[in-house]
Number of protein chains: 2
Amino acid sequence: MMPLSVKLNPAISEAAEVLEKAVRSRRFVVAVGDCRVDYEGRASSTLDWGDRVTMIKQDGSVLVHRPVGYEPVNWQPPRCLVKVSIEDPGALVITASRNQPRETISIEFREITLLATGNLHDPGEFALHVTEEQMKRAILTAPELVEEGLKPLEAEKSLGEAGFTDIYAEDNRGNLVVVEIKRNAATKDAVLQLQRYLETLRTTVGRPIRGIVAAPQLRKGAQPLLESLRLEFVMVPPEKCFMVLKSRRDMKLSYFLT
Amino acid sequence: MMPLSVKLNPAISEAAEVLEKAVRSRRFVVAVGDCRVDYEGRASSTLDWGDRVTMIKQDGSVLVHRPVGYEPVNWQPPRCLVKVSIEDPGALVITASRNQPRETISIEFREITLLATGNLHDPGEFALHVTEEQMKRAILTAPELVEEGLKPLEAEKSLGEAGFTDIYAEDNRGNLVVVEIKRNAATKDAVLQLQRYLETLRTTVGRPIRGIVAAPQLRKGAQPLLESLRLEFVMVPPEKCFMVLKSRRDMKLSYFLT
DNA sequence: CCTTTCAGTTAGTTA
DNA sequence: TAACTAAGTGAAAGG
């Protein structure tokens, strides 16, 4: 990778110079130091003096991280305008703003311990397996994951106002079946969503319709609701979906190999 | 602040030593380098080689940031177990795992450009203003934000199964009023939630009941639903709430000062 | 500990 | 661009 420019305990004026240049040429910045942060936008916040890690990313994202916790305490999303200035002598201020919504954070440093800037080269592909989308593909590929004899008619049937069903199918006794897929334990909300789909469909379709929640698990609180609405739950473990997708990939592979 | 220990382009073995010690004594770690990441847990993911910034926080959180985007590409929440090991010579691996749910990420470095460790001292207080809670307090303080003559009866009236209303009030014609507050543009969901409250209330209360969504804005898609359910929308800008809370704070202050 | 709800949610997809 | 929905959502509050 390209070498980083690293300054230890730079003077505020020197830090400003380096930062200014890095921001202008859209380089990555990591700054560790004693700062305070103000935010004004959808809400507003203040954060008093303390040691934090600030990152300015190559797309203009700005993140301020405290020494604990998963989330940044303050931030600005990609494509914001970053400016560097010296307000008082001895006070370096980074301002990051965007419109729509109009938001600004300003980070004021009174001491910078570490300032590293450089170009990070990251071409690596990221792949996340078994999302809800993939569960749907798996069920469309192998409907027996939900029920033997299930025949998918449409994925994502539109119901106008009410939204989209995950899977719209037919069982082997001629009932229509709406399948609502969740990759996590299904909540009441999932059950209510399915119910809304069914209500909408029943106003336009004369045939009997079943509603099935397909998920790895059903939340305790969702069980009574499910029963009272006469809906069904089928456990579909993500691993099985993964196997289906994997075997499909393997088939494809063998198809190309033979 | 306590000085950072900073290594530039350390050998993998030296980096492992420094990291191991830092993790053991729960110090903050920032590492910039060429790595790949695997994750296995609720889902699973792989990330190929590239330059990233990895932080290990003092509470055990682990974050891997690509050079773009707000979110970490991989992470582990606070209180996970972090281990450092050398797998192949020239390959440093950081493993972070937790139970409940059982999850692991492993970060394999083949090159480390910058390794900084130290104790960050961050006592600064963080204050976020005008949350939904504060909007509620503002409306309870100044009900005219919603409607002239509105008299709050209860905040958070419990409706059993159906949840809690934000504000339960009475208008100047003797109607009951349920106010649903959103700090952002109100969605269909907000309208449906309000509708559920009203349905529940109407089974037990004989008086006419109005339902009002109080929010800075109403989402377009929520408008027809609102009308069809005969509910109302009142625009309540967060700035006005902020002013009400501010003036209340000022009053309190003057109360203490006089 | 489990469940519910909110978030300055962010991010992705589609009309 | 706006709206809608999922997320390895995370975090807080309540039972």
Side-chain angles (χ1 to χ4, degrees), chain A residues 37-45 61 63-64 68-78 80 96 98 100-105 126-136 156 158 160-164 166 180-185 187-190 193 217 219-223 238, chain B residues 37-45 47 61 63-64 68-78 80 96 98 100-105 126-136 156 158 161-164 166 181-190 193 216-223 238:
Chain A
V37 188
D38 285 294
Y39 157 73
E40 184 74 47
R42 285 167 290 182
S44 58
S45 70
S61 322
L63 305 171
V64 181
V68 294
Y70 161 86
E71 293 184 326
V73 61
N74 280 111
W75 72 92
Q76 201 64 276
C80 73
R98 63 161 171 166
Q100 208 154 26
R102 178 70 199 163
E103 293 192 300
T104 304
I105 69 171
F126 177 73
L128 180 66
H129 316 293
V130 195
T131 60
E132 184 169 317
E133 178 58 35
Q134 288 175 302
M135 281 185 73
K136 177 157 68 182
E156 302 225 331
S158 172
E161 276 286 310
F164 290 82
D166 282 342
E180 177 68 23
I181 301 172
K182 291 291 162 198
R183 75 176 292 331
N184 288 327
T187 62
K188 279 189 204 169
D189 271 353
Q193 194 171 4
Q217 201 193 323
R219 278 280 159 76
K220 248 185 273 176
Q223 175 90 46
Chain B
V37 187
D38 285 293
Y39 156 73
E40 184 74 45
R42 286 167 290 180
S44 57
S45 71
L47 175 63
S61 322
L63 305 171
V64 181
V68 294
Y70 162 86
E71 294 185 325
V73 61
N74 281 109
W75 72 92
Q76 201 64 274
C80 74
R98 63 163 172 166
Q100 208 152 28
R102 178 70 200 163
E103 294 192 300
T104 304
I105 69 171
F126 176 73
L128 180 66
H129 317 292
V130 196
T131 60
E132 185 169 315
E133 178 59 33
Q134 288 175 302
M135 281 185 72
K136 177 157 68 184
E156 301 225 331
S158 172
E161 275 286 312
F164 291 82
D166 281 341
I181 301 172
K182 289 293 161 196
R183 74 178 278 13
N184 288 327
T187 61
K188 278 189 204 168
D189 272 351
Q193 194 172 4
Q217 201 194 323
L218 184 65
R219 278 279 159 77
K220 246 184 275 178
Q223 174 90 47

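Below, chains carry the letters A, B, ... as their sequence lines are ordered, and counting in each starts from 1.
Counting only heavy atoms from C-beta outward, the side chains of A/Thr104 and A/Arg102 approach each other to under 4.5 Å. The shortest side-chain heavy-atom distance between A/Lys182 and A/Arg219 does not fall under the 4.5 Å cut-off.
To the nearest whole angstrom, the two C1' atoms, one in C/dC6 and one in C/dT10, are 14 Å apart. If you take atom P in D/dG8 and the same atom in D/dC4, they sit 22 Å apart, rounded to whole Å. Taking atom C1' in both D/dT5 and D/dT9, the straight-line distance is 12 Å, to the nearest Å.
In terms of phosphate contacts, B/Lys220 brings no side-chain nitrogen or oxygen within less than 4.0 Å of OP1 or OP2 of D/dA2.
If you take OG on B/Ser61 and CH2 on B/Trp75, they are separated by 12.5 Å, rounding to the nearest 0.5 Å. Between the CD atom in A/Glu132 and the CG atom in A/Asp166 there is a gap of 5.5 Å [rounded to 0.5 Å].
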Counting primed atoms, P, OP1 and OP2 as sugar-phosphate and everything else as base, the B/S/- map of nucleotides 6-15 of chain C against protein heavy atoms under 4.0 Å is SSBSSS----
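Among all heavy-atom pairs drawn from B/Asn184 and B/Pro216, the shortest one is O-CD, 3.5 Å.
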Which dot-bracket notation, 5' to 3', represents the base pairing of DNA chain C when pairs are defined as Watson-Crick or G-U with both distances under 3.5 Å, crossing pairs as [ ], and inter-strand pairs as |?
|||||||.|||||||
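Using a distance-only test at 3.5 Å, with no hydrogens or angles considered, no donor-acceptor pair links the side chain of B/Glu103 to the main chain of B/Tyr39.
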